[in-house]
Peer 1: 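One structure coming up, written as structure tokens, with questions to follow.
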Amino acid sequence: MTLFRHEMKMNLKSLLVWTICVGGLCFGCILLYTSLEDSLQDIADVYSNMGAMSTALGMDKMSLATLTGFYATEIGMMHGLGGAMFAAILGAGIVSKEEAGHTAEFLYVFPVKRTKILWQKYLAMASNILLFNIICAAFYVLGFLWMKEDMQGKEMLLYHFAQAFMHLEIGTVCFLISVFSKRSLIGAGLGVPVILFAADLMCRIIPAIEKVKYVTPFYYANAADIFTSGKVELEMICIGVFIVVAAFIMAWIKFIRKDITA
């Protein structure tokens with residue numbers, strides 16, 4: 001597991017920066033809720049009557065006037081998109097960086113099978129995504145405790161499970177892109193979560209493209225849906241599992257046959 005430890009060490013700074021930025025920002029927003037509570041009541045009434053936009057942002061289901069509603073609509077969106085970008089950047093560069101940085105000649109000359117190299121890189125990516133979500137979730141729980149507000153424990157757990165899996169799914173898709181590329185496509189990687197996030201908003205607004213929800217993981221990881229229903233749609237999770245497995249298998253097939261440039 002030497003390569004796994006190396007990747008964890010190499011990505012430690014990125015993990016800390018993204019965790020502090022996303023988790024710290026959301027934690028700060030939770031603490032700011034008290035000072036915003038009075039004004040949010042009026043804003044909540046306006047937002048709840050914005051028609052399709054209210055539906056897209058989940059404000060037709062939960063009110064900004066409560067900390068839970070504020071968390072599910074505003075903070076949930078920041079955490080979801082921020083974590084997805086972190087996973088995308090991580091996945092998009094973790095394999096291709098060897099060729100882009102001309103370090104492939106040092107890595108691939110060792111008597112280690114490519115399958116093992118790929119697994120260790122993927123495991124490092126998945127571990128970073130899991131650590132990001134655990135630390136951020138700890139920040140948010142601390143925020144609720146600090147504010148002495150009631151917390152929906154079951155819904156919070158389900159939400160962060162869905163978020164972690166969504167980030168893993170996006171990271172795996174970008175991991176596949178990384179295997180096919182000879183250079184780090186960070187821009188293309190960032191485009192994946194942005195497009196999927198936009199697709200989630202659009203399929204909630206436009207009934208004609210509702211089935212797009214089966215493509216974007218942002219749909220099943222939506223905080224407002226989970227906090228109001230108390231569950232995560234199993235069908236959507238199964239589709240996500242299929243995408244993760246299929247993307248990794250395609251990455252493995254390509255990687256073991258790839259003509260690697262030193």
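Since the structure is predicted, the reported quantities are computational estimates derived from the model, not experimental observations. Keep in mind that the numbers below use all heavy atoms, side chains included, and drop hydrogens, waters and symmetry copies.
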Peer 1: Using a 4.5 Å cut-off on heavy atoms from C-beta on, say whether the side chain of Phe218 contacts that of Ile170.
Peer 2: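 The answer is yes; the side chains approach within 4.5 Å.
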
Peer 1: Hey, is the main chain of Phe4 close enough, under 3.5 Å, to the side chain of Gln120 for a donor-acceptor pair?
Peer 2: yes

Peer 1: List the steps, then state whether side chain to side chain contact (heavy atoms under 4.5 Å, CB included) holds for Tyr122 with Val95.
Peer 2: CA-CA 9 Å; Tyr122 184 79; Val95 178; over 6 Å; no

Peer 1: Assess the residue pair Phe161 and Ile237 against the criterion (side chain to side chain contact (heavy atoms under 4.5 Å, CB included)); give the C-alpha distance rounded to whole Å, side-chain angles, the decisive distance to 0.1 Å, and a yes or no.
Peer 2: CA-CA 11 Å; Phe161 161 76; Ile237 292 292; 4.3 Å; yes

Peer 1: Could you tell me the separation between the NE2 atom of His6 and the NZ atom of Lys121, rounded to the nearest 0.5 Å?
Peer 2: 7.0 Å

Peer 1: Are His167 and His79 close enough that their ring centers fall under 6.0 Å?
Peer 2: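 They qualify: ring centres under 6.0 Å apart.
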
Peer 1: Please name the pair of heavy atoms, one in Gly189 and one in Cys174, separated by the smallest distance, quoted to 0.1 Å.
Peer 2: O-SG, 3.7 Å

Peer 1: Going through the checks in order, is the side chain to side chain contact (heavy atoms under 4.5 Å, CB included) test met by Cys26 and Tyr71?
Peer 2: CA-CA 9 Å; Cys26 295; Tyr71 179 82; over 6 Å; no

Peer 1: What pair of heavy atoms forms the shortest contact from Glu169 to Gly240, and how long is it?
Peer 2: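 Taking Glu169 first and Gly240 second, the nearest heavy atoms are OE1-CA, 3.5 Å.
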
Peer 1: Given side chains that start at C-beta, do those of Val194 and Met85 come closer than 4.5 Å, heavy atoms only?
Peer 2: yes

Peer 1: According to a 4.5 Å side-chain heavy-atom criterion applied to Ile, Leu, Val, Met, Phe, Trp and Tyr, with indirect links allowed, do Phe165 and Val245 form part of one hydrophobic cluster?
Peer 2: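 In one cluster with Phe165: Val245, yes.
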
Peer 1: For Phe86 and Asn128, what are the C-alpha separation, side-chain angles and deciding distance, and is it a side chain to side chain contact (heavy atoms under 4.5 Å, CB included)?
Peer 2: CA-CA 9 Å; Phe86 168 63; Asn128 273 277; 4.2 Å; yes

Peer 1: Say you draw a straight line from OH of Tyr220 to NZ of Lys213; how long is it, rounded to the nearest 0.5 Å?
Peer 2: 14.5 Å

Peer 1: Would you say that Ile89 contacts Trp18 through its side chain, given a criterion of any heavy-atom pair below 4.5 Å between the two side chains?
Peer 2: yes

Peer 1: Ile177 and Ile256: same hydrophobic cluster, using ILVMFWY side-chain contacts below 4.5 Å?
Peer 2: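 Yes, Ile177 and Ile256 fall within the same hydrophobic cluster.
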
Peer 1: For a quick test of reading the model, state the closest non-hydrogen atom pair linking Ala164 to Ile129 and the distance between them.
Peer 2: O-CG2, 4.0 Å

Peer 1: Short question: side chain of Thr172, backbone of Val244 - any donor-acceptor pair under 3.5 Å?
Peer 2: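 Such a contact is absent between Thr172 side chain and Val244 backbone.
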
Peer 1: How far does CZ of Phe144 sit from CE of Met151, to the nearest 0.5 angstrom?
Peer 2: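 Interatomic distance, Phe144 CZ to Met151 CE, rounded to 0.5 Å: 7.0 Å.
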
Peer 1: So which heavy atom on Ser178 is nearest to which on Gly91, and how close?
Peer 2: CB-O, 3.2 Å

Peer 1: What pair of heavy atoms forms the shortest contact from Val212 to Ala199, and how long is it?
Peer 2: CG1-CB, 3.8 Å

Peer 1: Specify whether Phe27 and Phe139 have parallel, tilted or perpendicular ring planes, treating 30° as the upper limit for parallel and 60° as the lower limit for perpendicular.
Peer 2: tilted

Peer 1: What is the distance from atom CD1 of Ile226 to atom CD of Gln163, rounded to the nearest 0.5 Å?
Peer 2: 7.0 Å

Peer 1: Does one hydrophobic cluster hold both Leu131 and Phe175, with members joined at side-chain heavy-atom distances below 4.5 Å?
Peer 2: yes

Peer 1: Drop me the distance from Met77's CE to Leu201's CG, to the nearest 0.5 angstrom.
Peer 2: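 Answer for the CE-CG pair, Met77 versus Leu201, is 8.0 Å.
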
Peer 1: Counting only heavy atoms not in Met78, do more than 12 fall under 6.0 Å of its CE?
Peer 2: yes

Peer 1: Could you tell me whether the side chain of Tyr33 and the main chain of Met147 form a donor-acceptor pair under 3.5 Å?
Peer 2: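 Flag not set: sc Tyr33 to bb Met147 has no pair under 3.5 Å.
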
Peer 1: Is the side chain of Thr228 donor-acceptor paired with the backbone N or O of Asp225 at a distance under 3.5 Å, no angle test?
Peer 2: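 A pair under 3.5 Å: yes.
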
Peer 1: Under 4.5 Å between side-chain heavy atoms, hopping through other hydrophobics if needed: is there a path connecting Leu234 to Leu158?
Peer 2: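 No; tracing contacts between hydrophobic side chains, which count when under 4.5 Å, never links both residues.
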
Peer 1: Does the ring centre of Trp119 sit less than 6.0 Å away from the ring centre of Phe255?
Peer 2: no

Peer 1: Is there a side-chain contact between Leu90 and Phe132, using heavy atoms and a 4.5 Å cut-off?
Peer 2: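 A side-chain contact under 4.5 Å is absent here.
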
Peer 1: Any non-hydrogen side-chain atom of Leu118 less than 4.5 Å from a side-chain atom of Phe248?
Peer 2: yes

Peer 1: Taking all atoms of both residues into account, what is the closest heavy-atom pair of Ala126 and Leu168, and its distance?
Peer 2: CB-CD1, 3.9 Å

Peer 1: Under the 3.5 angstrom rule, does the side chain of Lys254 hit a backbone N or O of Phe180 as a donor-acceptor pair?
Peer 2: no

Peer 1: Hydrophobic cluster membership, with links at side-chain heavy-atom distances under 4.5 Å among I/L/V/M/F/W/Y: are Ile243 and Tyr214 in one?
Peer 2: yes

Peer 1: Judged by atom type as modelled, is there a donor-acceptor pair below 3.5 Å linking the side chain of Arg204 to the main-chain atoms of Tyr219?
Peer 2: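 Checking the backbone N and O of Tyr219 against the side chain of Arg204, a donor-acceptor pair under 3.5 Å is found.
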
Peer 1: Can you tell me how far apart CH2 (Trp252) and CG (Leu176) are? Round to the nearest 0.5 Å.
Peer 2: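 Between atom CH2 of Trp252 and atom CG of Leu176 there are 14.5 Å.
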
Peer 1: Which one of Val173, Leu196, Asn222 satisfies the side chain to side chain contact (heavy atoms under 4.5 Å, CB included) criterion with Pro217?
Peer 2: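 Exactly one pass, corresponding to Leu196.
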
Peer 1: State whether the side chain of Ser127 and the backbone N or O of Leu123 hold a donor-acceptor pair below 3.5 Å, judged by distance alone.
Peer 2: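 Yes.
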
